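Let me begin by presenting the structure, written as C-alpha cells, before commenting on it.
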Protein chains: 2
Amino acid sequence: MRWNELKREPCSVARTVSVIGDRWTLLILRDCFLRVRRFEEFQARLGVTRHVLADRLRKLVRAGVLHKVVYQTRPRRFEYRLTDKGLDLHPVLLAVVHWGDVHMSGRRGRPMLHEHLACGHMFDPVMTCSACSQPVDVRAVRLHPGPGAVRRR
Amino acid sequence: MRWNELKREPCSVARTVSVIGDRWTLLILRDCFLRVRRFEEFQARLGVTRHVLADRLRKLVRAGVLHKVVYQTRPRRFEYRLTDKGLDLHPVLLAVVHWGDVHMSGRRGRPMLHEHLACGHMFDPVMTCSACSQPVDVRAVRLHPGPGAVRRR
DNA sequence: TCTAAAGGTTCCCTTTTAGAACTGAGTGGA
DNA sequence: TCCACTCAGTTCTAAAAGGGAACCTTTAGA
C-alpha cells in the first residue's frame, strides 16, 4: 500500500498516520510546539536533510497542520506556524512524550518536565473519558462501528 | 540522522519515534489493540508486504512492545501480544484516533465509536493534568529541563 | 504421495533518503 | 562596485528502504 491510499482508508488511525506517520514529521511537530518556526532552525535542530525537511513542511502545509506566514518581505520569507488543526495534535505529542518518559528514559530520568500553568504543578498527562471524567483503562473500552464505518470483504 | 541514533537523543519524542515512528508500526499496533495477533492476519488486514511486516514485528518484540507467545507446537507457531509496555501505548492510539475523528473524517463521520465500559457512555478521550485533573490546554503548559536533560552546543 | 496452512525468507526492481553542493533574492559593508 | 553573508530552498548521486511476487519449511490431513 502506498502513502496516498492510506488517507482513504475508513480508519482514523490510518488517516492520521497519512499525515504524521513518519519519522521526521513528529519531530518537526515537536519543534513546532517548542516554538521553532523557521526552515534553518528546524534544519539545525533536527539534523534532517534540507530536501526532506522541505518536503515534510510542504506536506504539513498541504494537510492544513501548518501554515506559512510572511515574516519579512525583500526578500520574501516565511515561517511555519501551527494552525488550529495542528494545535489539536498536542494531546498526541503529550501521549508520545509521556510514553517515552516512562519507558525510554534510562536512569538519568526524563529530559523534560511539564508544568501546568493552570494549577502550577508539574504533571503527567492522563487520558480521561469525556463522559465521566475518569481515567480510561484499555480494558474498559469497547469499540462500535460509527457512521463512517464500512462493511468489508 | 539514522534510525539507530534517534533512540539516544535526550528527548522522549525522539526515543518514542525510534520505536513507533513509522507508517506501518502504528497500524500494526492499532490492530494489536483490536486483538489481532497472528502474522497472516496482520498481513491480510494491513496489506503490508510480508517482508516489512516480519521486520516490524521483530523490531517491536526487540523494543519490548510485543512478545511472542507459542500457541501451537508441531509445527511451532507464535502469536504476537502486547506487553504492559505495549498496552501503555493506548493513550497514544486514543489521541491519534481522536485527531483523525475530528479532522479527517469527511462527511460520513467517524468510522468508529468508543464506549467506556466503566460508565456506559460513548466517549472522546480528554487529556487531563495528573495534578489537578483539569483538561490540559496547549497554552497552559510550560516546559522545564528535567533530570535527563543535557545542555548543548 | 499430494495439498494446504502458517510464518517466514529471498529476489528483483522502484522509491525514498542521506549527504553535500549549488541557486537565487536581497542585505550590509569595504 | 564588489564581496561576503543570510535564508530558504533545489539539484545531484549513492545508499537504504519498500513493494510485489515467488519460494521455503514444518506439519497435518486426504
Side-chain angles (χ1 to χ4, degrees), chain A residues 1-9 14 17-28 31-32 35-63 66-81 153, chain B residues 1-9 14 17-28 31-32 35-63 66-81 153:
Chain A
M1 195 193 294
R2 296 288 166 67
W3 273 106
N4 298 351
E5 305 170 40
L6 258 189
K7 66 167 74 65
R8 277 172 237 122
E9 287 278 298
V17 163
S18 78
V19 177
I20 63 162
D22 160 86
R23 168 156 58 145
W24 291 115
T25 303
L26 267 173
L27 294 173
I28 290 168
D31 277 7
C32 290
R35 295 175 175 70
V36 173
R37 303 206 225 271
R38 299 188 187 172
F39 192 92
E40 296 294 326
E41 203 181 351
F42 284 114
Q43 210 274 316
R45 289 174 50 95
L46 296 173
V48 60
T49 64
R50 307 174 73 78
H51 180 74
V52 170
L53 176 59
D55 178 73
R56 295 303 185 278
L57 289 172
R58 205 161 27 232
K59 282 180 178 160
L60 286 170
V61 169
R62 256 192 258 126
L66 300 180
H67 62 136
K68 285 173 93 160
V69 179
V70 175
Y71 71 90
Q72 167 185 300
T73 45
R74 344 201 48 79
R76 195 175 170 78
R77 290 195 182 134
F78 304 92
E79 53 185 25
Y80 295 88
R81 291 179 184 242
R153 302 209 173 86
Chain B
M1 196 192 295
R2 296 288 165 66
W3 272 106
N4 297 353
E5 306 171 40
L6 257 190
K7 67 168 74 64
R8 279 172 236 124
E9 287 278 299
V17 163
S18 77
V19 178
I20 63 162
D22 160 87
R23 169 156 54 146
W24 290 115
T25 302
L26 267 173
L27 294 173
I28 290 169
D31 278 6
C32 290
R35 294 177 176 67
V36 173
R37 303 208 225 270
R38 299 189 186 173
F39 191 94
E40 296 294 326
E41 203 181 352
F42 285 114
Q43 209 275 316
R45 290 174 49 95
L46 296 173
V48 61
T49 62
R50 308 172 72 78
H51 180 73
V52 171
L53 177 59
D55 178 72
R56 294 305 185 278
L57 289 172
R58 204 161 28 231
K59 282 179 179 160
L60 286 170
V61 169
R62 256 192 258 127
L66 300 181
H67 62 137
K68 284 173 94 160
V69 179
V70 175
Y71 72 89
Q72 168 185 299
T73 45
R74 343 201 50 76
R76 194 174 170 77
R77 291 199 178 133
F78 306 93
E79 53 186 23
Y80 295 89
R81 291 180 184 241
R153 303 214 172 83

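Every heavy atom of this structure was used, including side-chain atoms; hydrogens, water molecules and symmetry mates were not. Everything numeric in this text was worked out from a predicted model, so none of it was measured. Residue numbering restarts at 1 for every chain, and letters A, B, ... go by the order of the sequence lines.
For the pair His67(A)/Tyr80(A), no side-chain contact is recorded, criterion being any heavy-atom separation below 4.5 Å from C-beta on. Within the 4.5 Å cutoff, the side chain of Val36(A) has no heavy atoms near those of the Ile28(A) side chain. Looking only at side-chain heavy atoms (C-beta outward), Arg50(B) and Glu40(B) come within less than 4.5 Å of each other.
For the side-chain contact (heavy atoms from CB on, under 4.5 Å) test with Tyr71(B), the passing option among Arg37(B), Arg76(B), Arg81(B), Arg38(B) is Arg38(B); the others fail.
Across all strands, Phe42(B) comes closer than 4.0 Å to no nucleic acid atom at all (heavy-atom distances).
In terms of position on DNA chain C, the residue among Arg58(B) and Val48(A) whose nearest nucleotide sits closer to the 5' end is Arg58(B). Comparing Arg38(B) and Val52(A) by the nucleotide of DNA chain C that holds the closest heavy atom to each, the one mapping nearer the 5' end is Arg38(B). When the nearest nucleotides of DNA chain D are assigned to Arg50(B) and Asp55(B) by heavy-atom distance, the more 5′-ward of the two goes with Asp55(B).
Following rounding to the nearest Å, Arg74(B) (CZ) and dG7(C) (P) show an atom-to-atom distance of 17 Å. Rounded to a whole Å, the CD atom of Gln43(B) is 12 Å from the C1' atom of dA6(C). Going from atom CH2 of Trp24(A) over to atom C1' of dT16(C) covers 14 Å, rounded to whole Å. One atom, CD of Glu40(A), and another, P of dG26(C), lie 18 Å apart when rounded to the nearest Å. For the pair Arg56(A) CZ and dA18(C) C1', the computed distance is 12 Å after rounding to whole Å. Following rounding to the nearest Å, His51(B) (NE2) and dT10(C) (P) show an atom-to-atom distance of 10 Å. At whole-Å resolution of the value, NZ in Lys68(B) and P in dA6(C) are 16 Å apart.
The base of dG7(C) has none of its N or O atoms less than 3.5 Å from a complementary donor or acceptor on the side chain of Arg77(B). Residue-to-nucleotide contacts include no donor-acceptor pair under 3.5 Å from the side chain of Arg76(A) to the base of dG26(C).
In this structure, CD1 on Ile20(A) lies 14.0 Å from CZ on Arg23(B), to the nearest 0.5 angstrom. Within the model, atoms CG of Leu57(A) and CD of Gln43(A) stand 11.0 Å from one another, a figure rounded to the nearest 0.5 Å. With rounding to the nearest 0.5 angstrom, the CG atom of Leu27(A) is 9.0 Å from the CG atom of Asp22(A). If you take CZ on Arg35(A) and CD on Glu41(A), they are separated by 12.5 Å, rounding to the nearest 0.5 Å. Once rounded to the nearest 0.5 Å, the distance linking CH2 of Trp24(A) with CG of Leu60(A) reads 14.0 Å.
Along DNA chain D, read 5' to 3', the first and last nucleotides having any atom under 4.0 Å from a heavy atom of chain B are dG18(D) to dT27(D).
In the helix from dT1(C)-dA30(D) to dA30(C)-dT1(D), the rotation axis of the first five pairs and that of the last five pairs differ in direction by 10°, rounded to 10 degrees.
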